[in-house]
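Structure first, commentary second.
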Amino acid sequence: TGSPTATPRVPQFAGPLPVIDAAQPHTAVLQTNKGEIRIQLATDAPEAVNSFAFLAAKNYYDGTALYYLNTGYIAQGGDANCSPDSDQICTGFGDPGYNLPLEATSTVHEKWTVAAPAITQPDRVHGSQFRIYFEPDTRVDGKETIFGKVLTGTEILAALPNLEICSALNQPTDTCVDSYDTALIIENITIE
């Protein structure tokens, strides 16, 4: 017996409101449990940059983890369910309620680029999730929106151990873990 209680949900938005002039140079400063990481935001990906700044201003990323990390490929974050404090399962599919158009940028996927990953809809990318590339990957050039490049903090990223958070969507493997003990947790993001 008892009363049903609402399950806490990740904030959902119809879309990002304009919060910065994304055509001007900006830097995202990620305060993490491992130290500060600075990302130079691209001026030729205004929709992705504005979305990142909008969600950062809404504290959407606060307390979230880089839930997948393969130092030979990518780190991925931006699923608000992937948090040590979340009541939801970290699926890697969490979103802010919207997606974005694919933006053609002048940059290719090289080491330390930051990109909004493609989704199943053609010419669309994720609204909140992002990838940091540890190695170049020309296979995804033109399929994701590159919206930044890590300026400082690469040593923090390079020192992280590989990580895959286990979820109901992936089969347990030798590499997935149920703990965020070694994860990089974003404490706060500010845009300068």
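One is the number of the first residue; the rest follow in order along the sequence. Note that the coordinates shown come from a computational prediction; the quantities given were computed from them, not determined experimentally.
The shortest distance between side-chain heavy atoms of Asn70 and Phe134 does not fall below 4.5 Å. Contact of the Leu157 side chain with the Ile132 side chain is registered, since non-hydrogen atoms from C-beta on lie closer than 4.5 Å. Val29 has its side chain within reach of Gln31: a pair of non-hydrogen atoms, C-beta onward, lies under 4.5 Å apart. Contact annotation: the side chain of Cys82 never approaches that of Thr64 to less than 4.5 Å [non-hydrogen atoms, C-beta and beyond]. Residues Pro96 and Leu55 are in side-chain contact: their nearest non-hydrogen atoms beyond the backbone lie under 4.5 Å apart.
The main-chain N or O of Gly63 is never found under 3.5 Å from a side-chain atom of Asp85 such that the two would form a donor-acceptor pair. Side-chain atoms of Ser128 come within 3.5 Å of backbone atoms of Gly78 as a donor-acceptor pair (strictly under, hydrogens ignored). Checked by atom type and distance alone, the side chain of Asn162 pairs as donor or acceptor with a backbone atom of Thr71 at under 3.5 Å. No donor-acceptor pair closer than 3.5 Å links the side chain of Glu47 to the backbone N or O of Pro101. With hydrogens and angles ignored, the 3.5 Å screen pairs a side-chain donor or acceptor of Ser86 with a backbone N or O of Asn81. Using modelled atom types, no side-chain atom of Asn99 and backbone atom of His126 make a donor-acceptor pair closer than 3.5 Å. Distance alone, capped at 3.5 Å, is enough to place a donor-acceptor pair between the Glu103 side chain and the Ala48 backbone.
Ring-plane geometry between Tyr61 and Phe52 is classed as tilted, the angle between the planes lying from 30 to 60 degrees on a 0 to 90 degree scale.
Taking the ring centroids of Phe13 and Phe54, they lie under the 6.0 Å cut-off.
Distance CD/Glu144 to CG/Asp141: 9.0 Å, rounded to 0.5 Å. Atom OG1 of residue Thr113 and atom CZ of residue Arg131 lie 11.0 Å apart, to the nearest 0.5 angstrom.
With hydrophobic clusters built from ILVMFWY side chains whose heavy atoms lie under 4.5 angstrom apart, Leu163 shares a cluster with Leu160. Tracing side-chain contacts under 4.5 Å through hydrophobic residues (I, L, V, M, F, W, Y), one never reaches Phe93 starting from Ile119; they form parts of separate clusters. A continuous path of hydrophobic side-chain contacts links Leu17 to Tyr60 [ILVMFWY only; heavy atoms under 4.5 Å]. Phe130 and Ile146 fall into different hydrophobic clusters, where Ile, Leu, Val, Met, Phe, Trp and Tyr residues are linked whenever their side-chain heavy atoms come under 4.5 Å apart, directly or through other members.
Between the side chains of Ser179 and Asp181, at least one donor N or O sits under 3.5 Å from an acceptor N or O. No side-chain donor from either of Asp79 and Tyr67 sits under 3.5 Å from a side-chain acceptor of the other. With no hydrogens or angles considered, no side-chain donor-acceptor pair links Gln129 and Asp95 at under 3.5 Å. Checking Glu110 against Tyr133 by side-chain atom types alone, no donor-acceptor pair falls below 3.5 Å. No hydrogens or angles considered: nothing links the side chains of His109 and Asp137 as a donor-acceptor pair under 3.5 Å.
Closest non-hydrogen pair, Pro46 versus Thr43, comes out as CD-O, 4.2 Å.
Shown here are the ring-ring contact (aromatic ring centres under 6.0 Å, His included) partners of Tyr180, two or more places apart in sequence or in another chain: there are none.
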For this session: Using the side-chain contact (heavy atoms from CB on, under 4.5 Å) rule, take Ser51 and Tyr98 through it: C-alpha gap first, then chi angles, then the decisive distance, then the call.
Result: CA-CA 10 Å; Ser51 178; Tyr98 63 86; 2.7 Å; yes
For this session: Dump the intermediate steps for side-chain contact (heavy atoms from CB on, under 4.5 Å) on Tyr68 and Ile74, then the final yes or no.
Result: CA-CA 8 Å; Tyr68 177 82; Ile74 62 166; 4.0 Å; yes
Problem set entry | Verdict with reasoning, Asn50 to Ile20, per side-chain contact (heavy atoms from CB on, under 4.5 Å) | CA-CA 6 Å; Asn50 183 71; Ile20 61 171; 4.1 Å; yes
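The one candidate from Leu151, Ile39, Val150 that meets the side chain to side chain contact (heavy atoms under 4.5 Å, CB included) condition with Trp112 is Val150.
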Only pairs under 3.5 Å count here: list side-chain donor-acceptor contacts from residues 183-192, not counting sequence neighbours, and write none if there are none.
unit_1, atom_1, unit_2, atom_2, d
Glu192, OE1, Arg38, NH2, 2.5

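Counting non-hydrogen atoms of other residues, nucleotides and ligands closer than 6.0 Å to NZ of Lys149 gives a total above 12.
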